[in-house]
Amino acid sequence: MAIDLENPSNFITTRVRQAVNWGRKYSLWPLPFGVACCAIEFMSTVSSYNDISRFGAELVRFSPRQSDLMIIAGTISYKQAPILKTIYAQMAEPKWVIAMGACASSGGFYNNYSTLQGADRVIPVDMYVAGCPPTPENLLYALTQLQERVEKEGLVPAAERHAGRSEARG
Amino acid sequence: MSQKLVDSLQREFGTDILAVDSPRGDESVTVAPERLLDVLGHLRCAGCEQLSDVVGVDHPDRAERFELVYLLRSYADNERVQVKVNVAEDAPVPSAAGVYRSANWAEREVYDLLGVPFSGHPDLRRLLCHHEFEGHALRKDYPIEQGQECARPEKLFTDEDIARAAERANDLVSDPDDVHDELHPSDLLTVNIGPSHPATHGALRAEVLLDGENILEARTEIGYIHRCFEKEAEDHTWAQVMPYTDRLNYCSAMLNNSIYAMAVEKTIGVEATPRAQAIRVIVSELSRIIDHLVCVCANLVDIGALTNYWYLYNVRESIYETLEKLCGSRLTTNYARIGGMSHDLFDGFDAEVRTKLDEMDVGNADVMKLIARNRIFLDRTVDVGVISQEDALSWGYTGPCLRATGLAYDLRKLAPYSGYENYDFDIPTGTNGDTHDRIMVRMAEMVQSRSIILQALDKLPDGPLNIDDNSVVLPPKESVYGSIEGVMNQFKLVYEGIQVPAGRGYGFGEGANGELGYYCVSDGTGHPYRLKVRPPCFPIFSSYAELVRGGMIPDAIATLGSLNIIAGELDR
């Protein structure tokens, strides 16, 4: 459908929620919580070859207050866990979390005294990406999957989305 | 190799040298703990400028439970020697931090993981495990899966520290405009750089006390990505450790693979075939190139030169394609095997690598055009983060950071392995030991690596890839599926692991950041009894607080980038 933007009498109808969600979907600002090998693959994902900006998520912000998508790229140790928790709490709602790679999802092949067995033991996670480390394509796929959810669910705060889920993993 | 040092010790200390041993050519002397400092002091005067690492081994069945091995290196004479002491549980060992600066963190690590107390240590705190951790994780009686939660991060500065820094503020600032009449502790600002910070490129933490932009005091903390490599190694067979080595320095996994395989081969007493050695050289140098690329590009981004990032990172991305084709994975390659390689090169590898090296030349030339005479770049890097050669040696620097101070020391040249002696290459050095020299040494090393790869490709030997020893290398698949001997051989090697004979060996090579070593202790079972990594950036980062004290915040960031601290290798 061609829309003649120059003609002042033309208009389209939509719902506010839909318009906002559409906008939000293509403007996720990631906060890379980069701790290990996965952070290097995250670097690849934002570089020109894979180019995360094709999906509107290239505005990488290291300040939690300016970002709405946390990408946990790497192993979370018990020492790191309280910091992860604090940084997640500093992000404004609505916010989403991608656990990138085996370590962030489940501890990976590090089942030992220092490694947290999955970031979801301390904060709620929306999307898990398999791989050690996942390829940039894997991460981009997770991002597009998340975008679909953002479009459908819209402005539901993370606390509400994950209500009742925290007991499940305990 | 180091008979001279051993002789001089025997002359000087006579019967105080309890034992002399040379497992696999690594000369070692055993001394009583009370004579340790005298022996180390003597060795220091005799030319051993560097303490590479301190290895602690736990023997719960012995009366003297802990064995400490001090790995020493003399650069002037190109020699190595190991000093051992045996101590009972809870018996203090005199700290060597006054003799070698690198001993500070090395001893803290031993204290943290094994619980050996060091008397006279300036700052004996935990290093890798968090401050609320109880027990000592590398002791044989500590269960590997017993995690301990950490409620809150440790504060590195107490109120007294801040008050003391406020008093001394004027002595520390270099710019006369910044001198104050009086500074109240509340005027100072405590800032955390890390453990989640864009400039640290990994999970490390430096807490700094600021007066404006001047760093009055800095303290560093590591262990945020301590993944217990050494404990995991004891829980796996020798061959199963290989994928864990990928994740030490994840920017150059091939180097970790190759050097680990070499270290275990040394402990067994075998040597890889000429073809495997040449392939290891090629993939190691490719790995060195991509490691340097990511270090330089990230360093340049930190000082605001973003364009260079794209020029260099695209080359890296392109080399990843070749690595992925070669071993199925971009980052975590898992390519070397004890006794050879996992499989041979693919058809067309030669031509593809040559194309990639040409791409690298273009990328590096583009970057050099942008930075070589760029006023901003020079202002940000020249005379920033300077370290003298003597200090660098005492802190345990190796690799490009040491060569930037002007010392042409490269293990590929001075302790050649994997046939490096057959290739013609130079050792690029700097003069000043500053951030600029560290970047330029890395840029020049990539050119040398390119030359090594081309030479290795030209004379890549034919012949078998793996050694002919069925107690080390898995049998070919035809044999496993076609004969009972093959099945049994495969089963024994996979299930019980390679039976490395009881003994020890320290295998080392030139990693991308410096000397990467594995100290292997075998008790004759299929599992490592103790596997200690000597990561190159661990001693380098221990000097970071000293390097940035008195400087400015932006300089601290530029310095950190040029040291190339890889958290995976730092914390293991």
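Residue numbering restarts at 1 for every chain, and letters A, B, ... go by the order of the sequence lines. Model, not experiment: these values are computed from the prediction.
The closest side-chain heavy-atom distance from B:Arg316 to A:Ser44 is not below 4.5 Å. Counting heavy atoms from C-beta outward, B:Pro143 and A:Tyr113 have side chains that stay 4.5 Å or more apart. Counting heavy atoms from C-beta outward, A:Cys132 and B:Arg247 have side chains that approach closer than 4.5 Å. Taking the side chain as every heavy atom from C-beta outward, B:His226 and A:Ser114 approach each other to under 4.5 Å. Counting only heavy atoms from C-beta outward, the side chains of A:Phe109 and B:Arg227 never approach each other to under 4.5 Å. Side-chain contact between A:Gln80 and B:Ile225: absent, with no pair of heavy atoms (C-beta onward) separated by less than 4.5 Å. Looking at heavy atoms from C-beta onward, B:Glu317 lies in side-chain contact with A:Asn50 at the 4.5 angstrom threshold.
Contacts with chain B were tallied for A:Leu116, A:Thr115, A:Ile83, A:Ile87; A:Ile83 has the most, counting heavy-atom pairs under 4.5 Å.
In this structure, the portion of B:Leu128 lying under 4.5 Å from any heavy atom of chain A is its backbone and not its side chain. With a 4.5 Å cut-off on non-hydrogen atoms, B:Ala151 touches chain A through its backbone but not through its side chain. Contact of B:Gln240 with chain A is not made at all, since no heavy-atom distance falls under 4.5 Å.
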TODO: Please test A:Asn112 against B:Glu145 for side chain to side chain donor-acceptor pair (under 3.5 Å), starting from the C-alpha separation and ending with a verdict.
DONE: CA-CA 4 Å; A:Asn112 55 38; B:Glu145 287 172 18; over 6 Å; no

Open item on the list: Walk me through whether A:Met43 and B:Val294 qualify under side-chain contact (heavy atoms from CB on, under 4.5 Å).
Closed with: CA-CA 10 Å; A:Met43 280 167 77; B:Val294 81; 3.6 Å; yes

Task: Working for side-chain contact (heavy atoms from CB on, under 4.5 Å), residues B:Leu331 and A:Cys37 - done: CA-CA 8 Å; B:Leu331 221 70; A:Cys37 336; 3.9 Å; yes

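Checked by atom type, the side-chain pair A:Ser48/B:Asn314 shows a donor-acceptor distance below 3.5 Å.
A salt bridge links A:Lys79 to B:Glu221: one of the charged nitrogens lies within less than 4.0 Å of a carboxylate oxygen.
Taking the ring centroids of A:Tyr49 and B:Tyr313, they lie at or beyond the 6.0 Å cut-off. Taking the six-membered ring for Trp and the full ring otherwise, the centers of A:Tyr78 and B:Phe133 sit at least 6.0 Å from each other.
Across all non-hydrogen atoms, the minimal contact from B:Trp310 to A:Val46 is CZ3-O, 3.9 Å.
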